[in-house]
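Working notes, structure below.
Just so we're clear, the structure is a prediction, and the values are computed from it rather than from any experiment. All chains are named by letter (A, B, ...) in the order of the sequence lines, taking the proteins before the strands, and each is independently numbered beginning at 1.
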Amino acid sequence: MYRHFEDELEGIKSSVLKMSYHVMDQILSALKALESRDRAMALRTIEKDALIDEMEIIIEEKCAELILRHHPLAKDLRFVLATLKLNGDLERIADLAVDIAQRAMEISEYPQIKPYEDLPKLADTVMKMLKDAVEAFTEKNYETAKKVILSDCEVDKLRDRITIELLQKYIKREPERADIALSLILAARHLERIGDHCVNIAEDVIYMASAKIVRHHHSEF
Amino acid sequence: MLRLDTNKNKPDFSSTEIRDPLNRVHIDVSQQPKIRVRNLDFYYDENQTLKKINMDIYEKKVTAIIGPSGCGKSTFIRILNRMSDFAASSKVRGEISLERRDIFDPEFSPVELRKRVGMVFQKPNPFPKSIFENIAYGLRINGVKNSHEIEQRAVKSLKRAALYEEVKDRLKESALSLSGGQQQRLCIARCIAIEPEVILFDEPCASLDPISTAKIEELILELKKYYTIVIVTHNMQQALRVSDYTAFFLMGELIEFNETKKVFENPSDKRTEDYITGRFG
Ligand SMILES: Nc1ncnc2c1ncn2[C@@H]1O[C@H](COP(=O)(O)OP(=O)(O)O)[C@@H](O)[C@H]1O
Ligand SMILES: [Mg+2]
């Protein structure tokens, strides 16, 4: 029995890993569409979201079945609980990639207003958080999870800088370019929200590794 | 049963401190335990069945004892009301107190102890007498003579054991005509009639179907209002459903003792985790 159970746990873990790769791909192509004002690419990204929705449901079903059949306890219970939450966070992250792709569609009709500086930095930071969060999950690594939570500050700072710059330089001074500036502000906001979901994942990893619930208590680090 | 303690003086119950750097055995010193067990060793002949057990059993709480077969669960709870006295050539060392009174004190008669600490076994074992007599008999041998009182106490304990409604019209019928689950509840009623303070259950649902099992579990949660309960179980889900504290025994040792939620969500010892997650052996 225990063999089958281990196999099922491994199966869920690799499904989660696969889903996380697809989600990362989605963010990357949405960002690329944004950067290169590529409408077709943005559309493809939006279409591919259905695949991730499907994966989310499959993982949820697998977890439900495992709970029904095996009544997992201790670290196994914590693993399944964390997986269910992470599953939801990954799906929401993919939705945010779709939102970014929509921003890419909006700005694709306009010429570029300025070279991107902080936006790529924000994108890199958030992608790193997601990679670390997933790695922390698969390796049950408390330290990596903590790192993710601590990166959130940096993300907020970058998002604020982008917002203020676009607001003051374009929305206030060149209202004819307010549309495009607004789209970029929103894109930064979407990236920042992705960072928040990465923090959720990291919190679940900490619960899984230590049974400690750290949500809303980050000051402990 | 031979008592091995060289220290013939009264045990020192003030020595509550348990040194356990890993916090595997969590004794809540803020609670006055109903039963306190310190450095308990137990032998059948030369075989040591229990090794240095330290734990507290808290009042009006349910304490579950889990562990693989042969780890000493039954032996442990049988010592708590000195049923273990009946095993020939057994030896015990260490301290057990019931409300600060040494249960091995020669002045504390085992009969008196067993009135205060009752026991329900794995297989329902009603006497081959009527349902009513099963309870009345126990009361009579415990010195209750007044037939009116016997009747009152029998009805009260049948009600408390959630059996009365099912048997009130057939109290004169043989107890053996009852189903397994009803027989077990009759045994619980028989135990309750003596008005114990502690009830020890040794795998009370082991021979019962799921519905009878659910009724017994429901009953245990109800009985917790009045009694301190210790239950040996092989069913982890049962331990989770009914108990407040869980003790994990392995080869005669108490490996872990803590709040049930802690033991099943995040056990401190790898051996506990292996056992409860089915990775044992
Ligand atoms: N009356 C007895 N005489 C000798 N050995 C016994 C007796 N009862 C139990 N044992 C031994 O003591 C050990 C613990 O048994 P027990 O307490 O019944 O375990 P559990 O209830 O955990 O299955 C076992 O090795 C068992 O064989
Ligand atoms: Mg036993």
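- Within a 6.0 Å radius of NZ in A:Lys48, other residues, nucleotides and ligands contribute 12 heavy atoms or fewer.
- Counting only distance, with no hydrogens or angles, the side chain of B:Asn266 and the backbone of A:Lys75 share no donor-acceptor pair below 3.5 Å.
- By the 6.0 Å contact criterion, CG on A:Leu68 is enclosed, its count of non-hydrogen atoms from other residues, nucleotides or ligands being greater than 12.
- Residue B:Thr277 holds its OG1 atom at 8.0 Å from CD of A:Glu6, rounded to the nearest 0.5 Å.
- A:Lys13 NZ: more than 12 foreign heavy atoms inside a 6.0 Å radius.
- More than 12 heavy atoms of other residues, nucleotides or ligands sit less than 6.0 Å from atom NZ of B:Lys51.
- In this structure the side chain of B:Glu273 never reaches within 4.5 angstrom of the side chain of A:Asp76, judged on heavy atoms.
- Enclosure of atom CE in B:Met251 is not indicated, since only 12 or fewer non-hydrogen atoms of other residues, nucleotides or ligands lie within 6.0 angstrom.
- Heavy atoms of B:Glu265 lying under 4.5 Å from chain A belong to its backbone as well as its side chain.
- Rounded to the nearest 0.5 Å, atoms CD (B:Gln237) and CG (A:Leu73) are 5.5 Å apart.
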